[in-house]
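Here's the structure, in structure tokens; my notes come after.
The sequence lines fix the lettering, A, B, ..., with proteins before strands; numbering per chain opens at 1. Here the structure is a predicted model, which is why all the values come from computation and not from measurement.
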Amino acid sequence: MLGGMTAVTLSRFVPLPLAILAAVVITTIVGAIIEIVFIRWLHKPSVLRMVIITIGLSILIRETALHIWGESVRALPYFTGTSVSSINLAGVYISSQILWVVGIGALVVAALGAFFNLTMLGRQMRACSANRDAARLCGIDAGNMVTLSFMVSAAIGALGGCIICPITYVQYDSGTPLAIKGFTVAILGGLGNSTAAVGAGMILGILESFSIWVLPTAYKEAISIAILLIILFVKPSGIFGSAEAARLKEF
Amino acid sequence: MARRYLPVAAFAGLIVAIQLATFFTGTAYHLTQLTMTAYYSLVTVGLCMLIGYAGQISLGHAGFFAIGGYVTAFLTTCNLKLHPGVLVSVLEKSGLLVARSDAYGGSLLTVHPWPACGVAILLAVVIAYLVGGPVLKLKGHYLAMATLGFGIIVYRMVLGTEFLGSADGISDVPGFPLLSGMLITGNSSARVSNYYLAWGLVILGMVLLLNLIHSRVGRALAAVHGAEDAAGAMGIPTARYKLNTFVLSAVFAALAGVLLTHYNGGIGPSEAGVMKSVRYVAIVAIGGMANLWGALSMSLVLNYLSLRGYFGTYDDAVFGVILILIMLFAPDGLLRRHILSDLKRAVSRNPAEEEAS
């Protein structure tokens, strides 16, 4: 939401690619500041404490956005073409923006996979998630890793907001439902597995879209959350996650 | 025994004092907000029991509030004359229905508020058992997200369901008749009696909870909160105690929803919103988590200020800030029961530390 809104505001003054880049950078910095100010100095915070703090923060960000941007709904222009133009792809007409979304999404997933598996920094981050104390013993600065993970997820969130908002529009309160949906997908795919998260995201999206065949559109949001609850009740390790890995985490 | 009821008496005194103060200063209109505060306080103390004593968080209690409010609102406004059938005539014969006229002089045949309230509470209990069973097996952020999810589902349901009024909610809900001709209603002529009624109910709830805390159940819950595995090893059925507390707090929320809906004469989807749930948690947090009196007093102050509009457009932000500050600096809550001894310890420790450095 923050990314989308910032990009919309900036795009009035600078060209679109630059605006998106700046929005991503700004949101990343905001993510880092939030982590440093609110989370970093806490001594061994319980998970619950962090959850409540982040919920409080999301309210604050939302209210701040409301006071900056007001209640109006905004959107970025389509990256190429317009909202009515479409591309013929083997007999199927789809909007060009959808191709942008799919393409950039695939790029981000590939980049994340490479980051976590190939670079030193990515491996350090995974080590911290698996066992913080052991990672620290190996000389990894766990605090920096948490800040970095906040920044990476803020940047990806901002980028996602920018590329999707020509289609879905953005307003001050469009963040919270997305956060819930993101959490659902992450659980569904098994936490800490970005490739499986894409598969889970597709399953969730398709289920949600097809649910309007049988249920009123207004219930669409409730569907994804109901799926979240069912997954949590039945298989908290996620459909692609291994039960063994899940046992190491705390549910 | 006397010590336990001393605060109750003091609180009752405070309630009377507030009423007298508004009477003598001619500001009786404040009592309307204070009465609404009382019903919100009922939710808060119930939630305090769950968070502070059973150690389980719920970010979905506005959902139970809304279930109570919407069920009673729907049943007491749905005109059954338009849906004649065997069931309706059976209900009418058994005296569960009541005929009244609406604001335009048309005649209505609706469910009497008492059975409507019963249905609302019963539904809340059933849903709380169904949801609570699996949800309370979760811990940490999974528990928080699952209860938050439950709250959002309820919100989306009431927002998307046409016979529940969609975004408009349900209005024209009649008053709730009690014995001896009293009526729970927002009518200004019944303001004082409703004020006492609402706070009397809160005090009743407090006495119930206080007794529960000092009983076998309360000690068991304290053990569960302290160390769940150890409590289980001592033979305490931890899952059952957690579930029952969850249901109890849901009943408090649903009852508050029912009565506030009759008091306000209507309910809207915002009552089910996530912000309401967060607000209840924030109040419990600032009140000291495991401190019923703290939660109650904070609920009195904050809800009143919020309802009077003192926070303006920053209403939600205020509760967000409260939540963050409390969790950052005093994760055990601000008004702890042992706050005095904590302060003493802090004061006596500081010189020693200075000497050491």
Side-chain angles (χ1 to χ4, degrees), chain A residues 34 37-39 41-67 70-71 173 176-177 179-184 186-187 191 215-234 236 246 249-251, chain B residues 51 55-57 59-60 130-131 133-135 137-162 166-167 273-275 277-279 281-282 284-285 311 313-332:
Chain A
I34 282 176
V37 173
F38 293 104
I39 312 259
W41 55 274
L42 294 178
H43 179 70
K44 284 200 175 167
S46 70
V47 180
L48 196 60
R49 203 170 151 199
M50 290 208 294
V51 171
I52 299 181
I53 290 175
T54 42
I55 287 175
L57 283 171
S58 76
I59 295 166
L60 264 196
I61 293 175
R62 206 185 72 177
E63 292 299 306
T64 317
L66 176 63
H67 280 272
E71 283 185 354
D173 64 348
T176 321
I180 301 268
K181 227 170 264 187
F183 190 83
T184 312
I187 295 277
L191 288 178
L215 288 166
T217 327
Y219 293 156
K220 214 170 115 182
E221 197 107 327
I223 297 293
S224 66
I225 298 162
I227 293 172
L228 165 72
L229 290 183
I230 292 168
I231 291 293
L232 277 177
F233 295 164
V234 180
K249 293 170 189 157
E250 190 191 318
F251 287 102
Chain B
I51 296 181
Q56 308 297 311
I57 194 158
L59 286 166
L130 287 180
V131 173
V135 158
K137 286 190 190 134
L138 306 166
K139 287 196 180 75
H141 52 319
Y142 294 88
L143 177 63
M145 290 307 277
T147 50
L148 184 65
F150 165 73
I152 296 179
I153 290 179
V154 174
Y155 175 66
R156 286 285 151 190
M157 296 285 254
V158 297
L159 195 61
T161 310
E162 204 147 311
S166 299
V274 176
M275 266 321 296
S277 295
V278 172
R279 174 174 300 204
V281 175
V284 171
F311 301 140
T313 52
Y314 296 99
D315 202 28
D316 286 349
V318 165
F319 285 93
V321 170
I322 288 175
L323 207 54
I324 295 172
L325 290 180
I326 293 292
M327 280 297 142
L328 284 181
F329 300 110
D332 296 330

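- With a 4.5 Å cut-off on side-chain heavy atoms, Met275(B) and Glu63(A) do not count as touching.
- Only the side chain of Leu59(B) has a heavy atom closer than 4.5 Å to any heavy atom of chain A.
- Annotation: maximal heavy-atom pairing with chain A below 4.5 Å, among Val321(B), Val135(B), Val131(B), occurs at Val135(B).
- For chain A, no part of Ile322(B) is nearby; none of its heavy atoms comes within less than 4.5 Å.
- For the atom pair CD1 (Ile53(A)) and CG (Leu325(B)), the distance works out to 10.0 Å, reported to the nearest 0.5 Å.
- By the 4.5 Å heavy-atom criterion applied to side chains, Arg62(A) and Asp316(B) are counted as neighbours.
- Interface residue Ile225(A): backbone and side-chain heavy atoms are both found under 4.5 Å from chain B.
- The residue among Ile55(A), Thr64(A), Leu229(A) with the most heavy atom pairs within less than 4.5 Å of chain B is Leu229(A).
- Neither the backbone nor the side chain of Val154(B) has a heavy atom closer than 4.5 Å to any heavy atom of chain A.
- For chain A, no part of Leu159(B) is nearby; none of its heavy atoms comes within less than 4.5 Å.
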